[in-house]
Amino acid sequence: MIDYPSGDPADDLRDLIRVRACADGTETVVWWTGDVYGWQPDDGPRHLFGFEGVNVGRARAVPGGYELLTREAAAYLDPRTREILQTWNNPLTGGEAEVMHVWNDPANQRWQEQGRFGPFRAPRVQIGDQVVFNVDVLLAYPSPLPAAEFPDHSAGDTYRAMELFQFFVPASELASDAASVPCTLSWTRVSPWLPWMELGARPGALVYHCRGAKLGGWDEVPDRFREHVAAHDPAFAHAPEDWSEPNETSWTAFRKRHPGSR
């Protein structure tokens with residue numbers, strides 16, 4: 001096992017771009033599958049959903065770093081049959097809710113060699129013939145759904161979550177000069193209840209546990225999910241061409257659909 005020290009920010013940044021996307025701007029497709037669990041202080045954990053999704057992106061070089069331009073789509077599944085849900089019978093309340101799947105356009109990021117938190121770092125460890133990068137994203141910001149305005153759909157005035165990624169790449173591939181290297185990945189997310197679950201400020205949280213890979217192209221996405229995307233909006237099969245903001249999330253999408261819930 002080799003634990004890498006902090007390297008040169010430019011090298012770290014290019015390495016992670018090659019793993020996550022492609023340094024020459026070629027469009028890349030990342031697919032994942034997994035499950036979502038819910039827990040409350042006095043109940044659970046419960047297996048609430050399956051989860052499947054794709055992120056289609058392109059890395060564009062900009063002064064001092066890269067812009068990662070992406071769209072992402074994901075669907076909540078019946079945890080047993082793995083069918084895409086349209087409605088959900090909530091075992092925590094006995095109620096029924098309309099499922100809002102994930103259609104985040106855009107889901108962009110800027111990665112800079114020197115950012116507001118200091119030099120760019122891509123922590124990694126070599127385990128056998130694999131190099132594992134970890135990217136831990138800790139989030140706390142004003143919620144798009146203030147609790148007073150959305151009492152049935154908001155856990156509070158501050159959105160708090162964690163997105164914990166690991167990217168696995170063969171050491172021999174990473175040592176090459178290729179603009180893109182193959183990777184598999186794991187992703188764990190801890191978040192509040194989703195707005196459409198109608199659980200408000202009830203104590204508890206969701207835990208997403210997924211795994212996936214960077215694919216060779218859109219045609220490698222499972223047929224069922226490609227059909228799901230095509231039926232909603234074929235644009236989600238491609239990455240954006242230009243930077244736009246703000247990013248879409250399940251919380252901002254809910255607010256657009258329900259501008260005032262009280």
Side-chain angles (χ1 to χ4, degrees), residues 20 32 34 36-41 44 48-49 51 53 55 57 62 64-76 88 90 92-93 95 97-112 114-121 134-165 187-210 233 236 239-240 242-262:
R20 169 62 183 83
W32 66 86
V36 184
Y37 301 90
W39 63 269
Q40 304 176 97
L48 299 181
F49 310 107
F51 196 60
N55 178 288
V62 296
Y66 290 87
E67 290 177 343
L68 192 58
L69 309 175
T70 84
R71 294 184 175 99
E72 60 187 16
Y76 291 94
W88 178 59
N90 187 338
L92 306 180
T93 66
E98 178 188 0
V99 175
M100 282 187 63
H101 297 297
V102 176
W103 301 104
N104 290 344
D105 180 13
N108 294 334
Q109 300 175 43
R110 282 196 174 104
W111 294 2
Q112 293 286 307
Q114 300 292 332
R116 62 192 179 105
F117 298 114
F120 187 90
R121 292 190 64 242
N134 69 281
V135 179
D136 298 344
V137 183
L138 311 181
L139 300 168
Y141 57 81
S143 173
L145 303 176
E149 189 177 351
F150 295 87
D152 296 330
H153 307 96
S154 176
D157 291 339
T158 301
Y159 174 84
R160 302 182 191 277
M162 296 187 294
E163 307 260 358
L164 309 174
F165 297 88
W187 170 60
T188 300
R189 177 186 187 215
V190 181
S191 84
W193 309 117
L194 293 157
W196 56 263
M197 295 173 72
E198 300 180 346
L199 292 174
R202 175 189 291 247
L206 296 174
V207 178
Y208 293 64
H209 188 215
C210 299
D233 186 349
F236 280 84
D242 299 299
W243 179 269
S244 62
E245 55 187 321
N247 283 340
E248 188 78 288
T249 70
S250 295
W251 275 252
T252 61
F254 185 90
R255 185 177 184 105
K256 289 175 182 176
R257 184 181 293 191
H258 305 277
S261 290
R262 178 174 280 284

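Counting from 1, the numbers follow the sequence of the chain as shown. Because only heavy atoms are used, hydrogens play no part in the values below, and waters and symmetry mates are left out as well, while side chains stay in.
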Exercise. In sequence, state the C-alpha distance, the side-chain angles, and the governing distance for L145 and R255, and then conclude on side chain to side chain contact (heavy atoms under 4.5 Å, CB included).
Key: CA-CA 7 Å; L145 303 176; R255 185 177 184 105; 3.7 Å; yes
Quiz prompt | Heavy-atom closest contact (A155 atom, P192 atom, distance) | solution = CB-CB, 3.8 Å
Quiz item: Do the side chains of L69 and P106 get nearer than 4.5 Å, heavy atoms only?
Solution: no
Exercise. Quick one: which residue pairs count as a side chain to side chain donor-acceptor pair (under 3.5 Å) with a foot in residues 194-209, not counting sequence neighbours?
Key: Q40-R202, Y76-Y208, R189-Y208
Quiz item: Does the pair E248 and D105 meet the rule for a side chain to side chain contact (heavy atoms under 4.5 Å, CB included), with working shown?
Solution: CA-CA 6 Å; E248 188 78 288; D105 180 13; 5.5 Å; no
Quiz item: What distance do W88 atom CH2 and F49 atom CZ have between them, rounded to the nearest 0.5 Å?
Solution: 4.0 Å
Quiz prompt | Contacts of W103 that satisfy side chain to side chain donor-acceptor pair (under 3.5 Å) - sequence neighbours left out | solution = none
Quiz prompt | Any side-chain heavy-atom pair of S143 and D157 under 4.5 Å | solution = no
Quiz item: Is there a donor-acceptor contact under 3.5 Å from the side chain of T70 to the main chain of A107?
Solution: yes
Practice problem: Using the test ring-ring contact (aromatic ring centres under 6.0 Å, His included), find all partners of Y141 that sit at least two apart in sequence or belong to another chain. | Solution: Y159
Quiz item: Yes or no on side chain to side chain contact (heavy atoms under 4.5 Å, CB included) for M197 and L48, after CA distance, side-chain angles and deciding distance?
Solution: CA-CA 11 Å; M197 295 173 72; L48 299 181; 3.9 Å; yes
Quiz item: Within a strict 4.5 Å, meaning less than it, do heavy atoms of the L199 and N90 side chains meet?
Solution: yes
Quiz item: Hey, is the main chain of L164 close enough, under 3.5 Å, to the side chain of T188 for a donor-acceptor pair?
Solution: no
Quiz item: Can you check whether L194 reaches W251 side chain to side chain, under 4.5 Å on heavy atoms?
Solution: yes
Quiz prompt | Trace of the side chain to side chain contact (heavy atoms under 4.5 Å, CB included) decision for L139 with E163 | solution = CA-CA 8 Å; L139 300 168; E163 307 260 358; 4.1 Å; yes
Quiz item: Which distance, rounded to the nearest 0.5 Å, do you find between the CE of M162 and the OG of S191?
Solution: 10.0 Å
Self-check item: 4.5 Å side-chain heavy-atom contact, W187 and F51
Solution: yes
Quiz item: Rounded to the nearest 0.5 Å, what separation is found between the CG atom of N247 and the OG1 atom of T249?
Solution: 8.5 Å
Self-check item: ring-ring contact (aromatic ring centres under 6.0 Å, His included) partners for W193, two or more places apart
Solution: none
Practice problem: Kindly indicate whether the side chain of H153, heavy atoms from C-beta on, has any atom under 4.5 Å from the side chain of H258. | Solution: no
Practice problem: Applying salt bridge (Lys or Arg N to Asp or Glu O under 4.0 Å), name anything that partners R20, two or more places apart in sequence or on another chain. | Solution: none
Quiz item: Sequence neighbours excluded, which residues qualify as side chain to side chain donor-acceptor pair (under 3.5 Å) partners of E72?
Solution: N55, N104
Quiz item: Nearest 0.5 Å, what's the OH-CG distance between Y37 and L206?
Solution: 12.5 Å
